[in-house]
*Asks:* 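Take a look at the following structure, please.
Heavy-atom basis, side chains included; hydrogens, waters and symmetry copies ignored.
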Amino acid sequence: KDIAFIIDKKITSEDIEKSIKKAAGKLLKGIEVFDIYTGENIPSDKKSIAYSLTFSDPNRTLTDEEVMTSFNNIIKDIEKKYKAILRDN
């Protein structure tokens, strides 16, 4: 699943990644930054960072509900901790 946040420029991608890993729990197996954007439609003191998240369990197939619970935990945590805004386009 892909996710992007608009955050203050001073916040590092590494900080966000650590928080994503903590909020996601054991189902998150991979995280990769695939876009960092500043410019049009982003305030000058902000940046957008997009991540590709991989969820899996070696012993079974995950349900959509399990993945979405983890995904929503990530969103809530990052929004609260960093005053981030979920970017939907």
*Asks:* Going by salt bridge (Lys or Arg N to Asp or Glu O under 4.0 Å), name the pairs with one or both residues in residues 49-63, residues two or more places apart or in two chains.
*Replies:* D57-R60, R60-E66
*Asks:* Using residues 68-76 as the side-chain source, report each donor-acceptor pair under 3.5 Å to any protein atom, sequence neighbours left out, with the distance given to one decimal.
*Replies:*
unit_1	atom_1	unit_2	atom_2	d
T69	OG1	E65	O	2.9
S70	OG	A24	O	2.7
N72	ND2	M68	O	3.1
N73	ND2	T69	O	3.4

*Asks:* Indicate, with yes or no, if V33 and I85 share a hydrophobic cluster defined by side-chain heavy-atom contacts under 4.5 Å among Ile, Leu, Val, Met, Phe, Trp and Tyr.
*Replies:* no
*Asks:* Treat each ILVMFWY residue as a node, draw an edge where side-chain heavy atoms are under 4.5 Å apart, and state whether I6 and I36 are in one component.
*Replies:* no
*Asks:* Return a table of donor-acceptor pairs under 3.5 angstrom between the side chains of residues 42-49 and protein atoms on other chains or two or more places apart.
*Replies:*
unit_1	atom_1	unit_2	atom_2	d
K46	NZ	D8	OD1	2.6
K47	NZ	K9	O	3.2
K47	NZ	I11	O	2.8
S48	OG	R87	NH1	2.9

*Asks:* Within a strict 4.5 Å, meaning less than it, do heavy atoms of the V67 and L27 side chains meet?
*Replies:* no
*Asks:* Any non-hydrogen side-chain atom of L28 less than 4.5 Å from a side-chain atom of I20?
*Replies:* yes
*Asks:* Which heavy atom of I78 sits nearest a heavy atom of S19, and at what distance?
*Replies:* CD1-CB, 3.5 Å
*Asks:* Compare every heavy atom of I7 with every heavy atom of A84, then report the nearest pair and how far apart it is.
*Replies:* CB-CG2, 3.6 Å
*Asks:* Hey, is the main chain of D15 close enough, under 3.5 Å, to the side chain of Y82 for a donor-acceptor pair?
*Replies:* yes
*Asks:* Any side chain to side chain donor-acceptor pair (under 3.5 Å) involving residues 21-35? Give me the pairs, sequence neighbours left out, ordered by first then second residue.
*Replies:* none
*Asks:* Taking side chain to side chain contact (heavy atoms under 4.5 Å, CB included) as the definition, give me every residue that meets it alongside S52, ordered by chain and number, with sequence neighbours left out.
*Replies:* D2, F34
*Asks:* Say whether, by atom type as modelled, one donor and one acceptor occur between the side chain of Y37 and the main chain of E40 under 3.5 angstrom.
*Replies:* yes
*Asks:* Considering residues at least two apart in sequence or located in another chain, which fulfil the salt bridge (Lys or Arg N to Asp or Glu O under 4.0 Å) criterion with D77?
*Replies:* K81
